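Take a look at the structure set out below.
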Amino acid sequence: MTLLRRLLAGETRALARAISLVERGDPAGGELVARVRAHTGKAAITGVTGPPGAGKSTLVGALVGELRTRDERVAVLSVDPTSPFTGGALLGDRIRMVDHFLDDAVFIRSLASRGSVGGLAAAVRPAALLADAAGYPHVLIETVGIGQAEVDIAGQADTTVVVLMPGAGDTLQAIKAGMMEIPDVLVVNKADHPGADQLVRELKRTAALRARPVPIVRTNALTGDGVAELADVLAGRPRRRADDEQSSAGRRDATEREVVRLALDELRARAERVLRDRDEGRAALAAVDEGRRAPEAAARWVVAELTEPGLTEPGLTKPG
């Protein structure tokens, strides 16, 4: 049986193998994703993001547990920081979901962010499509963290959940930085902590300025309080329709971001190869390290080498 057939039959090993192909940039992975697109569109893809320390991983684990009590299969894609030694994911999120390791109805995979803007791995969207094609009705994507530029998850998921916690110094900054523009659902986790009521009031005032309402759910992921309510809110989220003009525009924007991100990842990989594998690249780095060239000049040389190779000297700009 081919990998595609095994994947569509819902085999866990086939899904893991397919994601591995995509992660390492194997052309077979891209071809597989293209072939399964006709079999996607059934899963509810939910992105979970928020500041580090808000309890995203614990909340995702609790949400998986709640969905399993409802006899639902779940795929979890946890985007972890990249290991500086292996280039792989540090697997912190999988460790925190150890209770679900032996459950055949739960697929858990860590993806390395590898420097991707927005705390997302380039393989996230393809991996979500593969899980969708494999028959998982729920796909949960958890990001590394959040900041002013880290809002890509809104274009990758059908529903974006932003998790905040009371007492966090960056919570108000996140709100001011435009964070309220991306959530479909707001979660105040660790709601038993002091300041939770004040945070909810602040969020309600800010959310009232939006054109569409945003539900706010209070949870305590450690005890499970509020998790069932969150699952109910997610279950009641309207699904995107193919004839929905706003959804179509959103999908086009998401597609554009995906293509741009993949192009940037490819350019980054090529630039690294120029600097690492070629004598001229190593010479350019040495010149910068020794103070003989400015980093900007070396960067311009790399760009010129990628576009019109051989026209410049290492560390020099392209001649006018």
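Values in this document were obtained by computation on a predicted structure and should not be read as measured data.
- The number of heavy-atom neighbours closer than 6.0 Å to CG of Asp277, taken from other residues, nucleotides and ligands shown, is above 12.
- To the nearest 0.5 angstrom, Leu275 atom CG is 6.5 Å from Trp301 atom CH2.
- Taking both residues in full, the closest heavy atoms of Ala221 and Ala62 are given as O-CB, 3.9 Å, listed atom of the first, atom of the second, then distance.
- Pairing each heavy atom of Pro213 with each of Pro215, the nearest pair is O-CD, 4.0 Å.
- A donor-acceptor contact shorter than 3.5 Å links the side chain of Asp132 to the backbone of Ala43.
- From Lys190, atom NZ reaches atom OG1 of Thr58 across 7.5 Å, with rounding to the nearest 0.5 Å.
- A salt bridge links Glu66 and Arg70; the closest N-O separation between the charged side-chain nitrogens and carboxylate oxygens is under 4.0 Å.
- By the neighbour-count criterion of 12 heavy atoms within 6.0 Å, atom CZ of Arg282 is densely surrounded, having more than that number from other residues, nucleotides or ligands.
- The nearest pair of heavy atoms linking Ser57 to Glu142 is OG-OE2, 2.8 Å.
- Counting heavy atoms from C-beta outward, Val33 and Arg125 have side chains that stay 4.5 Å or more apart.
- A 4.5 Å side-chain heavy-atom check between Leu21 and Leu3 finds at least one atom pair inside the cut-off.
- Shown here for Asn189 and Ala54, the closest heavy-atom pair between the two residues is ND2-O, 3.0 Å.
- With contacts defined as side-chain heavy-atom distances shorter than 4.5 Å, the pair Pro137/Lys42 does not qualify.
- A side-chain donor-acceptor contact under 3.5 Å links Lys56 to the backbone of Gly50.
- Ion pairing of Arg292 with Glu290 is present here, as a side-chain N (NZ or NE/NH1/NH2) and a carboxylate O approach within less than 4.0 Å.
- To the nearest 0.5 Å, the span separating CG on Leu4 from CG on Leu130 amounts to 10.0 Å.
- In terms of modelled atom types and a separation under 3.5 Å, the side chain of Arg293 and the main chain of Ala284 share no donor-acceptor contact.
- Atom CG of Leu164 sits about 11.0 Å away from atom CD of Glu202, to the nearest 0.5 Å.
- Distance OG1/Thr159 to CG/Leu140: 10.5 Å, rounded to 0.5 Å.
- Listed by chain and residue number, nothing satisfies the side chain to side chain donor-acceptor pair (under 3.5 Å) test with Arg201 (two or more places apart in sequence, or in another chain).
- Applying the side chain to side chain donor-acceptor pair (under 3.5 Å) test to Asp26 and every residue at least two apart in sequence or in another chain returns nothing.
- For Ser20, the side chain to side chain donor-acceptor pair (under 3.5 Å) partners two or more places apart in sequence, or in a different chain, are Arg109.
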Would you check, one step at a time, whether the test salt bridge (charged side-chain N to carboxylate O under 4.0 Å, His left out) holds for Arg237 with Asp158?
CA-CA 9 Å; Arg237 287 279 307 156; Asp158 298 324; over 6 Å; no
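- Listed here is the closest heavy atom pair of Val187 and Leu230: CG2-CD1, 3.8 Å.
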Please determine whether salt bridge (charged side-chain N to carboxylate O under 4.0 Å, His left out) holds for the pair Arg270 and Glu266, giving the CA-CA distance in whole Å, both sets of side-chain angles, and the decisive distance to 0.1 Å.
CA-CA 6 Å; Arg270 293 186 183 186; Glu266 176 64 22; 2.9 Å; yes
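- Proximity of Glu280 to Glu305: side-chain heavy atoms (C-beta onward) are nowhere separated by under 4.5 Å.
- Between the side chain of Asp225 and the backbone N or O of Asn220 there is no donor-acceptor pair closer than 3.5 Å.
- No continuous path of hydrophobic side-chain contacts links Leu285 to Val288 [ILVMFWY only; heavy atoms under 4.5 Å].
- Between Leu67 atom CG and Leu234 atom CG the span is 8.0 Å, to the nearest 0.5 Å.
- What you find for Val36 and Leu129 is that their closest heavy atoms are CG2-O, 4.5 Å.
- The backbone N or O of Gly10 lies less than 3.5 Å from no partner atom in the side chain of Arg6, so there is not a single donor-acceptor pair.
- Residues Val162 and Val214 fall within the same hydrophobic cluster, defined by Ile, Leu, Val, Met, Phe, Trp and Tyr side chains chained together at heavy-atom separations under 4.5 Å.
- Both Leu32 and Leu8 are assigned to one and the same hydrophobic cluster, defined by single-linkage of ILVMFWY side chains at heavy-atom distances under 4.5 Å.
- The pair Arg300-Glu296 fails the salt-bridge criterion, with no side-chain N (NZ, NE, NH1 or NH2) lying under 4.0 Å from an Asp/Glu carboxylate O.
- Counting non-hydrogen atoms of other residues, nucleotides and ligands closer than 6.0 Å to CZ of Arg68 gives a total above 12.
- Salt bridge annotation for Asp197-Arg218: present, with a cationic side-chain nitrogen under 4.0 angstrom from a carboxylate oxygen.
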